[in-house]
Visitor: 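Sharing a structure with you now.
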Amino acid sequence: MQPKFAENIVVVVLFKKKYRWYCTDKSLWKMDYLRLYDDYHFLYLQRGKTELEFVKEVGSFGEFSSSRFRIRLLDRGTAKEFLKKIEGDEISAGELAYDFLHAESEIERKARIPALFVNFDKSEFYSQFPGDEEYLRYLPDGWRGATADFSHLIPPDDRYWVE
């Protein structure tokens, strides 16, 4: 999967003291899928839709969570299983650096800048996603999160997007 600005995002993950890079659909990183599902449900009802319309359009929670391998809560306990499922989306920092340097437009360059940093080792989540996604709302209990530049938390040799 190629990064596509504000759709498919680059995510830096630290798990068991190892940094990994992924290019995935942005919705996979809303860590508490039950809370996300409940929010969708509330919005449907608030807009005057019926329970039947909600289930028909969104599906049951099981159907909804199947888009993330039925992992309800993404945290340290489920990280290994989740990362195994998305291993085909793993990309090296070197490949990202090459693509960043050879991008033909500013939009292509921006698409290769990491949008999220998920530190499973310390239960921390950082977002520098350019859109209005509410990632921090869906953090597991006990996690710390911030919308902030996380460049300083990445090993210097891997900060290909920093000048």
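Residues take their numbers from the sequence shown, with the count starting at 1. Since this is a predicted model, take the numbers as computed values, not measurements.
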Visitor: State plainly whether one hydrophobic cluster holds both Ile86 and Leu73, where clusters connect Ile, Leu, Val, Met, Phe, Trp and Tyr through side-chain heavy atoms under 4.5 angstrom apart.
Guide: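 No, Ile86 and Leu73 fall in different hydrophobic clusters.
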Visitor: For the pair Phe150 and Phe117, name the ring-plane relationship: parallel under 30°, tilted 30 to 60°, perpendicular over 60°.
Guide: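 Rings of Phe150 and Phe117: tilted, 30 to 60°.
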Visitor: With Tyr44, which residues qualify under side-chain hydrogen bond (donor to acceptor under 3.5 Å, both in side chains), at least two apart?
Guide: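 So Tyr44 forms a side-chain hydrogen bond (donor to acceptor under 3.5 Å, both in side chains) with Glu57.
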Visitor: Give, for atom CG of Leu153 and atom CZ of Arg159, the distance between the pair rounded to the nearest 0.5 Å.
Guide: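 Taking CG in Leu153 and CZ in Arg159, the distance rounds to 8.5 Å.
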Visitor: Going from NZ on Lys84 to CD on Glu87, what distance comes out if it is rounded to the nearest 0.5 angstrom?
Guide: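 So the NZ of Lys84 and the CD of Glu87 are separated by 4.0 Å.
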Visitor: Sub-3.5 Å donor-acceptor pair from the side chain of Ser60 to the main-chain atoms of Glu63, do we have one?
Guide: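 Yes, Ser60 side chain to Glu63 backbone: donor-acceptor pair under 3.5 Å.
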Visitor: Please check this pair: side chain of Gln128 against backbone of Pro114, looking for a donor-acceptor N/O pair closer than 3.5 Å.
Guide: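 Pair found, side chain donor or acceptor close to backbone of Pro114.
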Visitor: If you measure from SG on Cys23 to CD on Glu95, what distance do you get to the nearest 0.5 Å?
Guide: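 Answer for the SG-CD pair, Cys23 versus Glu95, is 9.5 Å.
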Visitor: Do the side chain of Arg112 and the main chain of Ala97 share a donor and acceptor less than 3.5 angstrom apart?
Guide: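 Between the backbone of Ala97 and the side chain of Arg112 there is no qualifying donor-acceptor contact (under 3.5 Å).
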Visitor: Measure from the ring center of Phe54 to the ring center of Tyr37 and say whether it is less than 6.0 Å.
Guide: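 Yes - the distance between ring centres of Phe54 and Tyr37 falls below the 6.0 Å cut-off.
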Visitor: Less than 4.5 Å apart, side chain to side chain, heavy atoms only: is that true for Lys80 and Phe15?
Guide: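 The answer is yes, as the side chains (C-beta and beyond) meet within the 4.5 Å cut-off.
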Visitor: After noting the C-alpha distance and the side-chain angles of Ser92 and Trp21, does the key distance pass the side-chain hydrogen bond (donor to acceptor under 3.5 Å, both in side chains) rule?
Guide: CA-CA 6 Å; Ser92 72; Trp21 303 77; over 6 Å; no
Visitor: Shortest non-hydrogen contact from His102 to Tyr98?
Guide: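 That closest heavy-atom pairing would be ND1-O, 2.8 Å.
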Visitor: Is the shortest side-chain heavy-atom distance between Leu96 and Trp161 below 4.5 Å?
Guide: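 Answer no - side chains too far apart.
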Visitor: Could you report the tightest heavy-atom contact between Ser151 and Val162, atom names first, then the distance?
Guide: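 Closest pair (atom of Ser151, atom of Val162, distance): OG-CG2, 3.7 Å.
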Visitor: Would you check if the side chain of Asp121 reaches a backbone N or O of Lys16 as a donor-acceptor pair within less than 3.5 Å?
Guide: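 Yes, the answer is positive, given that a donor and an acceptor are paired below the 3.5 Å cut-off.
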Visitor: Should the ring pair Phe120 and Trp143 be called parallel, tilted or perpendicular, given that the plane angle runs from 0 to 90° and is split at 30 and 60?
Guide: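 Geometry flag for Trp143 against Phe120: perpendicular rings.
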Visitor: Measuring centre to centre across the rings, with the benzene-like ring taken for any Trp, is Tyr40 within less than 6.0 Å of Phe64?
Guide: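 Yes, close enough.
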Visitor: Considering non-hydrogen atoms only, spot the tightest contact between Ala111 and Val10 and give its length.
Guide: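 Closest pair (atom of Ala111, atom of Val10, distance): O-CG2, 3.7 Å.
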Visitor: Is Lys18 close to Arg20 at the side-chain level, that is, under 4.5 Å between some pair of heavy atoms?
Guide: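 Yes - at least one pair of side-chain heavy atoms lies under 4.5 Å apart.
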Visitor: Using modelled atom types and a 3.5 Å cut-off, is there a donor and acceptor pairing between side-chain atoms of Glu108 and backbone atoms of Glu104?
Guide: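 Answer holds: yes.
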Visitor: Between Lys56 and Glu53, does at least one N-O distance fall below 4.0 Å, as a salt bridge requires?
Guide: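 No, Lys56 and Glu53 are not salt-bridged.
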Visitor: Considering non-hydrogen atoms only, spot the tightest contact between Glu133 and Lys30 and give its length.
Guide: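 Smallest heavy-atom distance, with atoms named: OE1-NZ, 2.6 Å.
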Visitor: Of Asn8, Ile91, Leu83, which is the lone residue that meets side chain to side chain contact (heavy atoms under 4.5 Å, CB included) with Tyr22?
Guide: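 Of all the options given, the one that passes is Leu83.
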Visitor: Side chains of Leu116 and Val12: does their closest heavy-atom pair fall under 4.5 Å?
Guide: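 Side-chain contact under 4.5 Å: no.
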Visitor: Go through Ser123 and Arg144 one step at a time and tell me if the side-chain hydrogen bond (donor to acceptor under 3.5 Å, both in side chains) criterion holds.
Guide: CA-CA 7 Å; Ser123 301; Arg144 291 178 302 195; over 6 Å; no
Visitor: Would you name the heavy atoms of Tyr33 and Ser67 that are closest together and state the gap between them?
Guide: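 Looking at all heavy atoms of both residues, the shortest contact is CE2-OG, 3.6 Å.
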Visitor: Quick check against the 3.5 Å criterion: does Arg72 have a side-chain atom that pairs as donor or acceptor with the backbone of Leu34?
Guide: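 Here the side-chain-to-backbone pair does not exist.
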Visitor: Rounded at 0.5 Å granularity, tell me how far OG in Ser27 sits from CG in Leu36.
Guide: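 Ser27 atom OG to Leu36 atom CG measures 8.0 Å (nearest 0.5 Å).
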Visitor: Check Asp75 against Pro140 and note the closest heavy-atom contact, atom names and distance.
Guide: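 So the minimum-distance heavy-atom pair works out to CB-CG, 4.1 Å.
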Visitor: Donor-acceptor pair, Tyr135 side chain versus Met31 backbone, under 3.5 Å?
Guide: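 Such a contact is absent between Tyr135 side chain and Met31 backbone.
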Visitor: Determine whether a donor-acceptor pair (N or O, by modelled atom type, separation under 3.5 Å) exists between the side chain of Arg68 and the backbone of Leu28.
Guide: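 The answer is yes, because a donor-acceptor pair under 3.5 Å joins these two groups.
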Visitor: With side-chain contact (heavy atoms from CB on, under 4.5 Å) as the test, would you mind laying out the steps for Asp32 and Leu139 before giving the verdict?
Guide: CA-CA 6 Å; Asp32 187 334; Leu139 291 182; over 6 Å; no
Visitor: Tell me whether Leu43 is reachable from Phe61 by hopping between hydrophobic residues (I, L, V, M, F, W, Y) whose side-chain heavy atoms are closer than 4.5 Å.
Guide: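 As far as the 4.5 Å side-chain criterion goes, Leu43 and Phe61 are not connected within one cluster.
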Visitor: Given side-chain contact (heavy atoms from CB on, under 4.5 Å), test Thr147 with Leu136 step by step and report yes or no.
Guide: CA-CA 8 Å; Thr147 300; Leu136 301 184; 3.5 Å; yes
Visitor: Are a donor atom and an acceptor atom from the side chains of Glu51 and His41 found within less than 3.5 Å of each other?
Guide: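 Judged by distance alone, the side chains do pair up.
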Visitor: Using a 4.5 Å cut-off on heavy atoms from C-beta on, say whether the side chain of Trp29 contacts that of Leu74.
Guide: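 They are in side-chain contact.
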Visitor: Using the rule that Ile, Leu, Val, Met, Phe, Trp and Tyr join whenever any side-chain heavy atoms are under 4.5 Å apart, tell me whether Tyr138 and Phe42 fall into a single cluster.
Guide: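 No; tracing contacts between hydrophobic side chains, which count when under 4.5 Å, never links both residues.
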Visitor: Using modelled atom types only, decide if a donor and an acceptor are shared between the side chain of Arg109 and the backbone of Leu101 within a distance under 3.5 Å.
Guide: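 No, the answer is negative, given that no donor and acceptor are paired below the 3.5 Å cut-off.
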